[in-house]
Every structure is written in structure tokens, then in C-alpha cells.
Visitor: 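Have a look at this one.
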Amino acid sequence: MDFQAEKALVLDHFAALDRAEPETVADALRIRVSADYRWRGFAPFGEQSGLAIADVFWTPFKSAMTALQRRQDIFFAGLNEIDRFQTVWVCSMGHLMGLFDRPWLDIRPTGKLSFLRYAEFNRVEAGKIAETAMFFDIPHFMAQAGQSPFAAQTGQHLVQPGPADHGGLLSGKQDPEDGAATLALINSMIRDLGTWESGLPLEEELAQTWRDDMLWWGPEGIGATYTIERYAQQHAAPFRAAFSDRSPTNHVCRIAEGKFGGFFGWPNFSARMTGPFMGCPPTGQRLSFNVIDIYRREQDRLAENWVFIDLMSIWRAMHGESG
């Protein structure tokens, strides 16, 4: 498959959403989503059905952001390995950018340029979008408004760029062998890192599938890190020290095309908080992690990784909150 029809459908869907006014978002959605459309998003949105997502997310966000535009950095498609390559998914990543002029989620507006970092997977079936996982970095949006919910992070968070080679928008046909190589490498990485039980020193474990000059673009609250050495110091080691008894990886979708690939889970995994995390003391709780990971392969190693983690949900659970 070349995925051209599915990509065109999703791009048309994006264009319709981008053109829509706050009060016409439902009409724009109705054209290309299925009657039993399913939408998953980070806290406080959770799972939504049908056109409810217009009122829950799109209309309030568009009302808050003047002159909203989508700035894509990565766009690709593929067959889902998790269901034995039966379904087609289209992935998009970038920022929703506009002027933050009115309150959103009780975040005070700035009247200035703001970016909502997002990634989404869309399942296309019978000429409609049947399912969407749209994950976004609300804490980063808050930080831009001077209202960060988190203490100092181990990495550094900026407005995150797209791929170093500027080649992430795969609108045309791609060599299937490239996608297969990317998917195989992602699977090798999952086998190496997905259990935390390889027996190797952390940096050696990472070096099996990552370039030495890897870039890990993490979410607000954790931040980005550069090189295997600093990634190990600034994220992987602190994270593993904070959590134990990790469950197996549980993905809903895992795809690759060309040099890009990624996955999401709902949740990806769970682990028990047995050490301090993000300034919070250990609670002993088992916490679930909803995550999107997107990767760029360079030759036989992974070079970049953009990561979306539902930290607001984790934070609420650690503090005994629900919803």
C-alpha cells in the first residue's frame, strides 16, 4: 500500500478543521469522521465519542486562540503491526499556534503567540477517520503563559523543532523497505529498553539502538536531552530510579514509513512509584502512562525521539485527584 488516499483524507480533514470557526467545528468534523468515531486525549479530556469532541476540545481551544494555524513537522502513515497489519493509521506531529487571547482550561491568556505541541494518530477505514489519539503538552502551554505546574525539570524544554534533516513530511510514496527497517529498529529498541532488565549498564543498553548524539524531545516537566550520556543522566536513570515493577509494553498502534515511525498506548505501561519523581516523594502507587513516541531513524540507529506523556494525569493520580 502507498497510503496516498488515507494521507489525503487526513490532510483534507486538517484543512477543514483549520478553516472552521469555533461554532462550525462540529460541521467540519462530521464530513470525514465515522458515526462511531472514537477520540482519545490527555487529561482532562480522556475518551470522547462522535462529535462530542467539538464541544469538549476544539470549540473552546479555537475560541481561546486567535488566528490558529497548524504547523506540521512530521507526517507519515503505515499498517498497524499491533493488529497484524490490518488497519491503516496516519500520524501527524507539530504545533497548533495562535495568539492566546482568551482563557482555556483556566489558564490565563497572554495576548501573545503560544504553541500547543501535539501528536496524533488517525485510523482510516472505509474512507472515514474512525479513531484518533491526539496527545498534547498542556504543561508546556501553561509554561509559555508563566503558569507552569511543575518544579525544575531534569532536561530542558523549548519550543521543540522538527527533524534535524527537515524531511519529516512524507506526503508522497515511500520505499516499503525503509519503513520495514525503521519498524524493525523500533521493535529492537522496545525489546532492549521495554523491560529495564537487559542486565547491561544503561548507556551500553541505549547504544544498541541509539546514535551517540541522539536527541530525546521530552515533555514539559521532564524536558529534552541530547546524547546518550546526558539522556541517561537527565531522564532514563532518574525515571527508572523513581519507578519499579514495570508492566509489559501495551501499544494500540505501532507503524513506520520511510525513516519515521511511532506508537501510542492507552496506557503504554504501568509502574509503581517507589522513588521520588518530579519533586514528589514516592507514594507506592501503581501509575498508568499514556504515551506517544515518534522516531527518526538514521541508517541503523535511532537519531531522534519526540515523546508525549500524560503527566497531568500522573500528577493528579499522585496527589489523589481523579478526572
Visitor: Aromatic contact between Trp315 and Phe150, with the criterion being ring centroids under 6.0 Å apart: yes or no?
Guide: yes

Visitor: Taking the six-membered ring of Phe121, is NZ or CZ of Arg40 closer than 6.0 Å to its centre and within 45° of its axis?
Guide: no

Visitor: If we count only N and O atoms by modelled type, under 3.5 Å, do the side chains of Glu304 and Trp217 hold a donor and an acceptor together?
Guide: yes

Visitor: Could you check Met189, Arg211, Gln208 and say which one makes a side-chain contact (heavy atoms from CB on, under 4.5 Å) with Arg301?
Guide: Arg211

Visitor: Answer with yes or no whether the side chains of Arg191 and Ser188 bring together a donor and an acceptor at under 3.5 Å.
Guide: yes

Visitor: Hey, what's the ring geometry for Trp104 with Phe141, parallel, tilted or perpendicular (30° and 60° as the breaks)?
Guide: perpendicular

Visitor: Does the ring center of Phe3 lie less than 6.0 Å from the ring center of Phe76?
Guide: no

Visitor: Would you say OH of Tyr226 has more than 12 non-hydrogen atoms from neighbouring residues, nucleotides or ligands within 6.0 angstrom?
Guide: no

Visitor: Would you confirm whether the ring centroid of Phe243 sits within less than 6.0 angstrom of the ring centroid of Phe277?
Guide: yes

Visitor: With a 4.5 Å cut-off on side-chain heavy-atom distances among I, L, V, M, F, W and Y, is there a chain of contacts connecting Ile292 to Leu79?
Guide: no

Visitor: Evaluate the ring planes of Phe57 and Phe61, with Trp represented by its six-membered ring, and classify them as parallel (under 30°), tilted (30 to 60°) or perpendicular (over 60°).
Guide: parallel

Visitor: In terms of the angle between their ring planes, are Trp216 and Tyr231 parallel, tilted or perpendicular, with boundaries placed at 30° and 60°?
Guide: tilted

Visitor: Looking only at side-chain N and O atoms, does Thr66 offer a donor or acceptor that is under 3.5 Å from a partner on Arg102?
Guide: yes

Visitor: Output, in order, the C-alpha distance, side-chain angles, deciding distance and verdict of side-chain contact (heavy atoms from CB on, under 4.5 Å) for Leu105 and Ile138.
Guide: CA-CA 9 Å; Leu105 300 178; Ile138 294 173; 3.8 Å; yes

Visitor: Checking side-chain polar atoms at under 3.5 Å, does Trp89 have a donor or acceptor matched by the opposite partner on Thr87?
Guide: yes

Visitor: For side chain to side chain donor-acceptor pair (under 3.5 Å), just list the numbers for Arg246 and Ser270, CA-CA rounded to whole Å, side-chain angles, deciding distance to a tenth of an Å, and then say yes or no.
Guide: CA-CA 6 Å; Arg246 174 178 168 146; Ser270 65; over 6 Å; no

